[in-house]
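Computation of the quantities below employed the complete heavy-atom set of this structure, encompassing side-chain atoms and omitting hydrogens, waters and symmetry-equivalent molecules. Numbers restart at 1 for each chain; the letters A, B, ... are given by sequence-line order, proteins then strands.
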2 protein chains.
Amino acid sequence: MPPASRPRPQLDVLPPLGRARQVAEALSRYIDEAGLEAGDRLPSERELMAALGIGRSSLREAVSQLQALGVLEARIGSGTYVRKPVSAHTLHLPLSIEARNLADGLMLTLEVRRGIEVEASMAAARRRTAEDIARMSDALDEMERVHLSEGTSGPADLAFHLTIYQASGNPLFGQVLEQLRGHFERFWDQPFDRPDFAGRSFPFHRQLFEAIRDGDPAAAARHTRAILDIVEEDIRDMSR
Amino acid sequence: MPPASRPRPQLDVLPPLGRARQVAEALSRYIDEAGLEAGDRLPSERELMAALGIGRSSLREAVSQLQALGVLEARIGSGTYVRKPVSAHTLHLPLSIEARNLADGLMLTLEVRRGIEVEASMAAARRRTAEDIARMSDALDEMERVHLSEGTSGPADLAFHLTIYQASGNPLFGQVLEQLRGHFERFWDQPFDRPDFAGRSFPFHRQLFEAIRDGDPAAAARHTRAILDIVEEDIRDMSR
DNA sequence: GTTCAGGCTTGGTCAGACCAACCGGTGGTG
DNA sequence: CACCACCGGTTGGTCTGACCAAGCCTGAAC
């Protein structure tokens with residue numbers, strides 16, 4: 001403690017906790033204020049560390065954290081890119097699940113998926129806007145077109161479901177399901193090798209759309225269950 | 001194994017992507033194999049980097065990532081500690097939620113919770129064993145006892161729901177919901193300040209138990225929804 | 001106009017150094 | 001004997017500077 005005559009030589013206490021956290025927050029704020037969206041590029045690390053007045057280590061640790069949180073993606077020789085836009089008020093809640101169980105059973109993940117997927121459909125039926133309906137309708141048309149012309153419709157199917165998650169008004173649905181789907185599909189080798197995989201679920205998609213469009217949560221839940229029940233059956237068939 | 005004609009000087013391609021990822025995985029494996037649990041201490045950074053044969057930067061970036069994922073916690077002058085045990089097979093799904101105010105974040109996570117919670121109750125109603133029923137019954141009795149004597153029942157309520165997750169036969173439910181609950185309760189400061197919080201959900205718990213015991217998935221889903229609806233209303237009330 | 005080689009940029013890694021907070025033992029003091 | 005101030009070693013936190021490898025981009029050669 002300095003003498004009374006000279007109370008304190010302006011000792012602004014440094015980071016009470018986590019310099020990397022501060023930097024990560026600064027980057028988040030930058031992403032928000034600069035209006036960066038998914039795919040956009042951040043300034044180079046050298047520029048950032050100069051602008052923030054910090055060493056490269058600190059900058060890199062912050063980037064590393066945001067990378068682990070799925071916010072950023074660094075590509076060597078190219079730059080650092082935004083994967084999902086964030087702001088300074090973004091709250092991160094990382095979940096961890098033991099994947100050993102998943103390896104021998106995607107049925108377990110499918111069950112969790114069903115719960116979330118049903119709830120998302122119900123939320124969409126309650127909150128969908130006119131734009132949501134238009135988006136879903138377009139995606140559904142495209143999906144049916146691809147399905148009829150090619151017999152299968154992997155990406156188009158995903159696109160349709162994404163519009164549903166979007167219509168739910170709760171971004172968490174899309175985030176959870178996106179990753180769950182990712183790890184889900186990684187388990188079997190050729191999800192689209194069987195051109196008729198989950199093909200029987202095809203007609204239910206329009207019913208699901210109509211239920212959401214008409215604002216009928218119960219029907220939306222029912223049709224979502226029907227689709228996932230078919231997926232479940234087909235998985236059982238394929239694993240025999 | 002030196003090549004016969006020396007077509008290649010053994011050029012094991014280095015990290016295709018992410019050295020930090022490899023290190024983080026190595027640390028996860030170590031935590032698993034060493035049987036470390038929450039609160040246990042890791043070797044010092046100097047030891048780790050020597051043992052792994054890497055520079056400190058790489059080690060620190062990996063630790064930084066695991067820290068962002070809530071797995072580790074570094075305390076300066078003391079060491080690095082485990083917050084939640086993981087293994088090499090642990091799957092991380094980082095969620096980000098844009099929460100201008102707490103109540104919004106609460107509602108968003110609650111919605112996801114509801115989906116999973118309902119599905120877990122239905123699964124439990126389908127698959128519960130005699131031991132499950134006994135466990136649930138005990139937990140319910142204890143919860144009711146605590147509730148009547150103390151007016152509130154946080155931990156006992158959690159214990160009851162855990163028996164449901166267990167009865168579902170799907171470990172993923174427990175894993176996801178446990179963490180979702182954790183984040184959930186961290187959002188507001190004094191979850192148990194209001195002794196009557198979610199108190200109205202009290203009677204529904206026995207109905208939920210009976211539905212699961214009787215193997216009635218539809219009723220189980222209904223009562224689970226009723227409980228969470230009350231939680232939702234109370235959140236709305238408290239945030240006013 | 002196409003191709004490709006070489007240089008520049010960018011992220012990735014390493015090494016060494018110093019700082020600040022913490023921990024534990026040591027020795028003095030009551 | 002109990003207590004506590006002190007001090008040095010340990011540990012995470014940060015900075016600097018250097019080098020590497022992969023992407024990219026420009027410009028010369030064909």
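Sorted by first then second residue, the salt bridge (charged side-chain N to carboxylate O under 4.0 Å, His left out) pairs that include residues 40-50 of chain A, not counting sequence neighbours, are A/Glu45-A/Arg56, A/Glu45-A/Arg60.
B/Glu178 meets the side chain to side chain contact (heavy atoms under 4.5 Å, CB included) test with no other residue; sequence neighbours excluded. Residues that satisfy the salt bridge (Lys or Arg N to Asp or Glu O under 4.0 Å) test with B/Glu117, not counting sequence neighbours, are B/Arg113. The side chain to side chain contact (heavy atoms under 4.5 Å, CB included) test applied to A/Ile133 returns A/Arg128, A/Phe209, A/Arg213, not counting sequence neighbours. By the ring pair (Phe, Tyr, Trp, His ring centres under 6.0 Å) test, A/Phe160 pairs with A/His205, sequence neighbours left out. With sequence neighbours left out, A/Ser137 forms a side-chain hydrogen bond (donor to acceptor under 3.5 Å, both in side chains) with no residue at all. Not counting sequence neighbours, A/Ser57 has no partner by the side chain to side chain contact (heavy atoms under 4.5 Å, CB included) test.
Distance B/Leu59 CG to C/dA15 P: 12 Å, rounded to the nearest Å. Atom C1' of nucleotide D/dG13 and atom CG of B/Leu72 are separated by 16 Å, given to the nearest angstrom. A/Arg60 places its CZ atom 12 Å from the C1' atom of C/dC14, with the value rounded to the nearest Å.
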Give the table of side-chain donor-acceptor pairs shorter than 3.5 Å for residues 167-177 of chain A, with sequence neighbours excluded, one pair per line with atom names and distance.
from	atom 1	to	atom 2	distance (Å)
A/Ser168	OG	A/Tyr165	O	2.5
A/Ser168	OG	A/Asn170	N	3.2
A/Ser168	OG	A/Asn170	O	3.4
A/Asn170	OD1	A/Leu172	N	3.0
A/Asn170	ND2	B/Leu108	O	3.0
A/Asn170	ND2	B/Glu111	OE1	3.0
A/Gln175	OE1	B/Ser96	N	2.7
A/Gln175	NE2	B/Ser96	O	2.6

Considering only distance and modelled atom types, tabulate donor-acceptor pairs under 3.5 Å from the side chains of residues 23-38 of chain A, sequence neighbours left out.
from	atom 1	to	atom 2	distance (Å)
A/Ser28	OG	A/Ala24	O	2.9

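Taking every heavy atom of residues 79-86 of chain B and every atom of DNA chain D, pairs under 4.0 Å involve B/Gly79, B/Thr80, by number. Within residues 37-57 of chain A, the residues approached by DNA chain C to less than 4.0 Å at the level of any non-hydrogen atom are A/Arg41, A/Ser44, A/Glu45, A/Arg46, A/Arg56, in residue-number order.
Judged by distance alone, the side chains of B/Glu98 and A/Ser87 do bring a donor and an acceptor atom under 3.5 Å apart.
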Under 3.5 Å between N/O atoms: give me all the protein pairs with nucleotides 5-9 of chain D, atom names plus distance.
none

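For B/Gln67 and A/Ile76, each mapped to the nucleotide of DNA chain D holding its nearest heavy atom, the one lying further toward the 5' end belongs to B/Gln67.
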